[in-house]
Amino acid sequence: MSLRWQIRIGQILMVALFLGSWELATRADWIGIDLLAPVSTALVKLYEMLGDPAFLRDYGATAGRVAVAFAIGAPAALICGFAVGEWQDLEKISRPIINYALSIPQSIFLPIFILAFGIGAMQKIVFGITHLFFVTLVNTIAAVQSIPKDQVTALRSFGASRWQIYCRLYLPGMLPLVLTGLRLGMIFNILGVLLAEMYASQTGLGKAIFTWGESGDTVHLTAGLIAISVSTIAINGLMRAFERRAYRYQLETRSA
Amino acid sequence: MNATTVHNEKSSSAVEVRGVSKVFANGFRALDDINLTIEDGQFLSIVGPSGCGKSTLLQIVAGLTAGSGGQTLVGGKPVTKPQPRDIAVIFQDALLLPWKTTLQNVEFPLDLQGVSAAERHSRSLEMIDLVGLKEFADNYPAQLSGGMRQRVSIARGLAQNPRIILMDEPFGALDEQTRIRMGQELVRIWEKSRKTVLFITHSLTEAIFLSDVVVVMGRNPGRILERIPVPLERPRVTDMIGSDVFGQLRNRIWHLLSDSGDTSSPAQNL
């Protein structure tokens with residue numbers, strides 16, 4: 001058996017061990033039902049919930065907010081990041097504010113966001129956008145700056161137009177780092193939306209798990225946590241797959 | 001031959017630099033009244049200490065940088081921007097695109113110029129074969145050694161089928177052994193293609209071994225000290241490096257560089 005398969009089997013065993021201990025600990029009451037439901041019970045509940053309009057409405061609300069925030073925030077971060085990365089003076093001027101913005105925990109501004117945008121969908125979307133924006137911005141700036149200036153000179157000597165330099169050098173050269181920035185941005189975006197929903201909301205998965213937690217309904221809570229985890233793992237995995245494709249020429253190198 | 005009379009030479013020249021100067025924004029005079037003629041099919045090297053403006057001069061001839069004064073003519077016409085059909089530039093680093101294979105990298109300039117797929121394919125394969133990398137046509141740059149990458153970059157320049165090739169210390173980043181082998185390769189390729197070559201280097205041996213003419217530059221301000229014809233016959237073979245003529249030439253250039261008041265790093269110029 002190849003080493004790759006041995007590792008794969010080892011990984012499956014680790015996941016099984018984790019789920020098994022969870023099941024055992026909750027069944028044996030080492031961890032009380034007031035804290036966490038057994039994984040089997042939660043999965044059965046989750047299956048039920050997939051037919052429950054209230055849950056689907058919450059799921060849809062959160063997914064919609066995350067999607068809208070990404071659709072607005074990601075292009076904005078890409079455009080700003082490109083501009084800042086390409087024009088050095090702009091980079092120098094904006095560097096401090098970007099660094100400060102990244103070092104402050106954004107959650108502390110949530111009360112202000114509520115004052116400004118209320119507790120409806122708008123506030124969640126804006127909070128998602130601000131969470132996503134800076135991390136994607138910084139990665140995009142780094143992506144622009146990863147393009148060697150000498151490489152641009154070489155393309156100019158081939159007679160490349162400015163447009164060709166952007167399309168044929170910048171775009172493919174920036175792609176891996178940009179995709180990393182978008183994936184991290186998506187993780188922060190989901191975090192921002194869920195956080196805003198848990199803090200003050202009428203709808204959404206964040207509000208749902210918070211309510212289940214407050215009422216001690218750990219079966220629903222555990223099922224909800226599993227639903228969110230599986231969804232985010234799936235999104236992350238999908239975006240990671242694109243990233244790997246973009247990095248392929250480097251991966252091929254390593255295996256050669 | 002005196003540098004100031006150079007522009008009176010006959011007009012079969014491929015490159016004519018007339019009174020070119022370059023002053024940077026901070027007032028640094030990188031080039032001062034440079035006059036230089038490269039004949040059609042000639043291999044001309046420029047040697048000189050760091051900061052003598054030799055790379056700047058190459059960039060001006062390539063149309064990548066504008067001079068502060070004077071004029072550069074290629075094929076009788078003033079150069080104001082890059083002219084990929086006439087001029088190929090080969091840089092110190094290979095500057096290959098890491099996501100393109102050898103073949104795709106060599107094809108790239110032709111692709112940018114809109115050369116048809118069939119033609120750029122055949123031209124590129126021919127040049128890859130010429131630099132001895134036929135088996136590596138489908139490899140990515142990271143799978144190649146430094147010397148192989150620079151050979152791809154040379155193939156890329158040749159595939160543009162220019163009349164003039166400008167080389168800016170193309171072997172500067174390579175180890176000594178690879179450097180010597182690449183020099184031999186370049187001589188072999190050049191003796192076949194007979195392009196006009198402007199070659200910039202730190203190495204006196206390399207300059208003499210490769211060239212018809214060696215131009216020695218000094219700095220502060222960047223200027224031409226002397227233009228020295230190399231009387232060695234062709235084809236060039238490595239044994240010539242040990243010959244008396246070769247040694248005398250190298251001594252002469254060495255003294256030119258030392259006497260010009262530049263004692264920055266004469267040892268490195270050997």
(request) Name the region of B:Asp93, side chain, backbone, both or neither, that has any atom closer than 4.5 Å to a heavy atom of chain A. (result) side chain
(message) At a heavy-atom distance under 4.5 Å, which candidate from B:Asp111, B:Leu110, B:Ile90 has the highest pair count against chain A?
(response) B:Asp111
(message) Please classify the contact between B:Gln59 and chain A as side chain, backbone, both or neither, with a heavy-atom cut-off of under 4.5 Å.
(response) side chain
(request) List for me each residue that meets salt bridge (charged side-chain N to carboxylate O under 4.0 Å, His left out) alongside A:Glu91, sequence neighbours excluded, and say none if there are none. (result) A:Arg95
(request) Count the heavy atoms belonging to other residues, nucleotides or ligands that lie under 6.0 Å from CZ of B:Phe28, then report whether that count exceeds 12. (result) yes
(message) At a 4.5 Å cut-off on heavy atoms, which part of B:Arg85 comes close to chain A: side chain, backbone, both, or neither?
(response) neither
(message) Could you tell me if the side chain of A:Thr153 sits less than 4.5 Å from the side chain of B:Leu64, heavy atoms only?
(response) yes
(message) Applying salt bridge (charged side-chain N to carboxylate O under 4.0 Å, His left out), can you list everything that pairs with A:Arg162, at least two apart in sequence or on another chain?
(response) A:Glu86
(request) Determine whether the aromatic ring centres of A:Tyr166 and A:Phe82 lie less than 6.0 Å apart. (result) yes
(message) Using only non-hydrogen atoms and a strict under-4.5 angstrom cutoff, which residues of residues 158-174 of chain B touch chain A?
(response) B:Gln160
(request) Name, in order of residue number, those residues of residues 143-152 of chain A that have a heavy atom at a distance of less than 4.5 Å from a heavy atom in chain B; otherwise write 'none'. (result) A:Asp150, A:Gln151
(request) Look at the aromatic rings of B:Trp190 and B:Phe43 and report parallel, tilted or perpendicular, splitting at 30° and 60°. (result) perpendicular
(message) Please check: side-chain N/O of A:Thr180 versus main-chain N/O of A:Pro176, any donor-acceptor pairing under 3.5 Å?
(response) yes
(request) Check the surroundings of atom CD in A:Gln6: do more than 12 heavy atoms from other residues, nucleotides or ligands lie under 6.0 Å from it? (result) yes
(request) Supply the atom-to-atom distance A:Ser161 OG to A:Arg168 CZ, rounded to the nearest 0.5 angstrom. (result) 10.0 Å
(message) Are there over 12 heavy-atom neighbours, none belonging to B:Arg194, within less than 6.0 Å of that residue's CZ?
(response) yes
(request) Would you please say whether a donor-acceptor pair under 3.5 Å links the side chains of B:Glu206 and B:Thr201? (result) yes
